[in-house]
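First comes the structure, then the notes that go with it.
These values consider heavy atoms only, across backbone and side chains, with no hydrogens, waters or symmetry-generated copies. This structure is a prediction, so every number in the text was calculated from the model and none was measured.
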Amino acid sequence: MPTTESADNDQLFVLTAVLLTPAQFPSVLGDDYPEVCAGLGLEPYAEGYGLVLGQDGDGGRWTVVTEDVSLVACAIAAWDCGMEYDLSPGESSIVGALPGWPLALAVAAPGVPQPHDPKPQEGDPAPLTPPDAEEWGPAQRRLGADEIAMQWAAWRDQVEGDVSFAEPGDEAHEGVRRVLKEARGYVNEPPPPGRVRSSFAAGEARTLRVDGPGWSMVARTDDIAFVLLDDEPGEVHPVGRGPELPGLLAGLEELAERPV
């Protein structure tokens with residue numbers, strides 16, 4: 001569990017932290033980095049931010065925004081390994097403290113009241129709230145794509161036989177054709193930062209995460225792809241390699257944002 005530290009001269013009981021960079025951000029919050037920043041009222045600087053989520057002494061929810069991305073990355077890595085790490089951003093690195101949390105947390109700080117939005121002061125922004133992911137929509141679609149990326153082997157095993165690559169004009173799924181067409185458009189005209197992200201995969205392959213208006217795609221550069229659509233709740237469409245998918249994935253990999 002993250003340790004209790006102080007930030008911005010007020011005690012903050014740190015519960016967790018996440019990165020907000022063009023290559024790494026909570027997918028549930030948006031299709032690309034600028035969209036997520038806009039939702040938080042932040043400028044989409046290329047260097048990115050760290051978001052520290054915690055409670056004050058009264059139990060109020062706060063999200064502290066820091067420019068010290070390296071500090072937050074080190075803390076997350078330590079916590080993932082089960083180690084303690086004192087996450088206390090320097091005052092000079094803090095961009096601001098936003099009331100509320102942008103993500104749903106199932107934990108709370110011990111010894112303080114239950115999490116609640118702090119009492120608003122004049123001029124304060126509305127408290128941050130997590131996107132509604134209970135019903136199928138953009139947030140749940142992106143969470144579904146996250147799950148496929150994390151559990152690739154399990155999803156890949158469910159695909160049996162050959163899966164045809166969807167070509168414009170053939171009898172393949174219309175929504176999938178639209179996704180592939182828009183993804184090819186990204187290669188010719190790069191989209192906003194974060195629409196295409198690349199992360200580690202087994203061997204020399206990479207996992208590609210590609211998002212667009214109403215859709216998400218997850219692929220391995222040496223394998224197939226999966227497509228999810230806002231207008232088809234819960235459906236996952238596999239896309240086989242065929243003659244063109246390898247070239248499309250190679251083009252997307254070249255422009256993808258990669259974690260530093």
Side-chain angles (χ1 to χ4, degrees), residues 1-2 15-33 35-36 48 50-51 53 69 72-83 85 101-107 130-160 163 176 179 183 193-212 214-230 232-241 245 248-249 252-253 256-260:
M1 163 103 33
L15 298 175
T16 191
V18 295
L19 293 176
L20 175 54
T21 70
Q24 291 177 275
F25 56 85
S27 298
V28 68
L29 299 181
D31 287 324
D32 55 54
Y33 174 66
E35 181 181 345
V36 176
L51 305 180
L53 282 61
V69 176
V72 173
C74 288
I76 294 171
W79 296 337
D80 286 346
C81 294
M83 301 168 59
Y85 194 98
W101 295 334
L103 303 172
L105 299 185
V107 295
D132 182 6
E134 293 299 316
E135 301 293 332
W136 184 264
Q140 197 173 84
R141 177 250 302 168
R142 292 188 291 260
L143 287 175
D146 286 346
E147 179 67 19
I148 292 173
M150 290 187 294
Q151 303 291 336
W152 177 268
W155 281 91
R156 186 63 177 88
D157 287 344
Q158 296 182 36
V159 178
E160 298 180 0
V163 183
V176 174
V179 169
R195 285 276 181 99
V196 184
R197 290 173 282 161
S198 174
S199 59
F200 173 79
E204 297 182 359
R206 302 287 296 181
T207 296
L208 283 175
R209 174 61 183 278
V210 190
D211 292 280
W215 58 270
S216 293
M217 181 169 71
V218 184
R220 289 280 178 97
T221 53
D222 64 348
D223 203 357
I224 66 171
F226 292 95
V227 168
L228 298 86
L229 301 164
D230 279 356
E232 295 196 22
E235 294 293 327
V236 178
H237 301 280
V239 180
R241 284 183 71 77
L245 185 63
L248 172 60
L249 298 183
L252 292 171
E253 172 62 23
E257 301 281 352
R258 289 188 173 207
V260 177

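Side-chain contact check for Leu252 versus Ser198: every heavy-atom pair is 4.5 Å or farther apart. Contact annotation: the side chain of Leu20 approaches that of Val36 to within less than 4.5 Å [non-hydrogen atoms, C-beta and beyond]. Side-chain contact between Arg156 and Arg220 is absent, with no heavy atoms from C-beta onward closer than 4.5 Å.
Annotation: the span from Leu229 atom CG to Ser216 atom OG amounts to 9.0 Å, rounded to 0.5 Å. If you take CZ on Arg241 and CG on Leu249, they are separated by 6.5 Å, rounding to the nearest 0.5 Å. Taking CD of Glu235 as the reference point, atom CH2 of Trp136 lies at 8.5 Å (rounded to 0.5 Å).
Remark: Val236 engages Ile148, Trp155, Phe226, Leu228 in a side chain to side chain contact (heavy atoms under 4.5 Å, CB included) (not counting sequence neighbours). Residues that satisfy the side chain to side chain contact (heavy atoms under 4.5 Å, CB included) test with Ala77, not counting sequence neighbours, are absent from this structure. With sequence neighbours left out, Pro131 forms a side chain to side chain contact (heavy atoms under 4.5 Å, CB included) with Val28, Leu29, Ala139. The side-chain hydrogen bond (donor to acceptor under 3.5 Å, both in side chains) test applied to Gln140 returns no partner, not counting sequence neighbours. Scanning for side-chain hydrogen bond (donor to acceptor under 3.5 Å, both in side chains) contacts around Thr21 gives an empty result, with sequence neighbours left out.
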Run the side chain to side chain contact (heavy atoms under 4.5 Å, CB included) test on Val107 and Thr16 for me, step by step, so that the C-alpha distance in whole Å, both residues' side-chain angles and the decisive distance to 0.1 Å come before the verdict. CA-CA 9 Å; Val107 295; Thr16 191; over 6 Å; no

Residues Leu245, Leu248; criterion side chain to side chain contact (heavy atoms under 4.5 Å, CB included); working and verdict: CA-CA 5 Å; Leu245 185 63; Leu248 172 60; 4.2 Å; yes

Using the side chain to side chain contact (heavy atoms under 4.5 Å, CB included) rule, take Tyr85 and Ile76 through it: C-alpha gap first, then chi angles, then the decisive distance, then the call. CA-CA 9 Å; Tyr85 194 98; Ile76 294 171; over 6 Å; no

With side chain to side chain contact (heavy atoms under 4.5 Å, CB included) as the criterion, how do Arg258 and Glu253 come out once you've worked through the C-alpha distance, each side chain's angles and the decisive distance to 0.1 Å? CA-CA 9 Å; Arg258 289 188 173 207; Glu253 172 62 23; 2.3 Å; yes

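Tested against Trp152 for a side-chain contact (heavy atoms from CB on, under 4.5 Å), the candidates Asp223, Asp157, Thr207 yield a single pass: Asp223.
Closest of all the heavy-atom pairs between Gln24 and Pro259 is OE1-CB, 3.5 Å. For the pair Val227 and Val239, the tightest heavy-atom approach, listed with the atom from each and the gap, is CG2-CG2, 4.0 Å. A pairwise comparison of heavy atoms in Val72 and Gly50 identifies CG2-CA, 3.8 Å as the closest pair. Of all heavy-atom pairs between Leu103 and Pro130, the closest is C-CG, 3.5 Å. The two residues Pro238 and Val159 make their nearest non-hydrogen contact at CB-CG2, 4.0 Å. Nearest heavy-atom pair, Ala73 versus Leu19, reported as atom, atom and distance to 0.1 Å: N-CD2, 3.9 Å.
Contacts classified as salt bridge (charged side-chain N to carboxylate O under 4.0 Å, His left out) and involving residues 137-149 (residues at least two apart or in different chains) are given here: Asp31-Arg141, Asp31-Arg142, Arg141-Asp211, Arg141-Asp230, Asp146-Arg209.
Seen from the ring of Tyr33, Arg197 does not count as a face-on cation partner, given the 6.0 Å and 45° thresholds.
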